[in-house]
Amino acid sequence: GEVVEFTTWKVRAIGDIGGAGRRGPLGPRQEGPAQPKARRKVYLHEKGGLATVPIYEGGTLGAGAKIAGPAVVEEETTTILLLPGQTAKTDQYGNYRVESR
């Protein structure tokens, strides 16, 4: 009859995405600027409310792609929100390096 309170949770997960993981090089480098697949309204505190930002499909970006925030990058297993003043660049393995300008 006592109340149970959980104060700490630890989780370990291993997922199988059907071999679609980026374990090797992406292949060709990004040619020209990355093209957004859409534009969507996103709440950005820095902009004082909703702002229309470009949405990029991460799986279509080549190595060396550069994306300047504010923007959203959608991947199969995650979503990256780039705030104003941030830039993301992909490496040859599909990793994102996010830096502030």
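FYI, the numbering just counts along the sequence from 1. Remember, predicted model here, so these are calculated numbers, not experimental data.
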Engineer: Is there a side-chain contact between Thr78 and Tyr96, using heavy atoms and a 4.5 Å cut-off?
Structural biologist: no

Engineer: What are the two closest heavy atoms between Gly62 and Gln30, and how far apart are they?
Structural biologist: N-OE1, 2.8 Å

Engineer: Considering residues at least two apart in sequence or located in another chain, which fulfil the salt bridge (Lys or Arg N to Asp or Glu O under 4.0 Å) criterion with Lys47?
Structural biologist: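 Partners of Lys47 under the salt bridge (Lys or Arg N to Asp or Glu O under 4.0 Å) test: none.
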
Engineer: State plainly whether one hydrophobic cluster holds both Phe6 and Val11, where clusters connect Ile, Leu, Val, Met, Phe, Trp and Tyr through side-chain heavy atoms under 4.5 angstrom apart.
Structural biologist: no

Engineer: Is there a side-chain contact between Ile55 and Glu74, using heavy atoms and a 4.5 Å cut-off?
Structural biologist: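 Side-chain contact under 4.5 Å: yes.
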
Engineer: Counting C-beta onward and ignoring hydrogens, is there a side-chain heavy-atom pair between Val53 and Leu81 closer than 4.5 Å?
Structural biologist: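 In short, these two side chains do not touch, never coming nearer than 4.5 Å.
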
Engineer: For a quick test of reading the model, state the closest non-hydrogen atom pair linking Leu44 to Pro70 and the distance between them.
Structural biologist: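 Between these two residues, the closest heavy atoms are CD1-CB, 3.6 Å.
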
Engineer: Looking at Gly64, is its backbone amide N or carbonyl O close enough to the side chain of Thr90 to form a donor-acceptor pair, meaning the two atoms are under 3.5 Å apart?
Structural biologist: yes

Engineer: According to side chain to side chain donor-acceptor pair (under 3.5 Å), does anything in residues 79-89 pair up with another residue at least two apart or in another chain? List the pairs.
Structural biologist: Thr87-Arg101

Engineer: How long is the straight-line distance from CD1 of Ile67 back to CD1 of Ile80, given to the nearest 0.5 Å?
Structural biologist: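 Here the interatomic distance stands at 8.0 Å.
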
Engineer: Could you measure the distance from the OG1 atom of Thr52 to the CZ atom of Arg40? Nearest 0.5 Å is fine.
Structural biologist: 11.0 Å

Engineer: Between Leu61 and Val98, is there shared hydrophobic-cluster membership here, with clusters defined by ILVMFWY side-chain heavy atoms closer than 4.5 Å?
Structural biologist: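 The answer is yes; both residues are in one hydrophobic cluster.
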
Engineer: With clusters defined by side-chain heavy atoms of hydrophobic residues (ILVMFWY) lying less than 4.5 Å apart, directly or transitively, does Val72 cluster with Leu83?
Structural biologist: yes

Engineer: So, for Ala71 and Tyr56, which heavy atoms are closest and what is the spacing to 0.1 Å?
Structural biologist: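 Reported closest heavy-atom pair: CB-CE1, 3.9 Å.
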
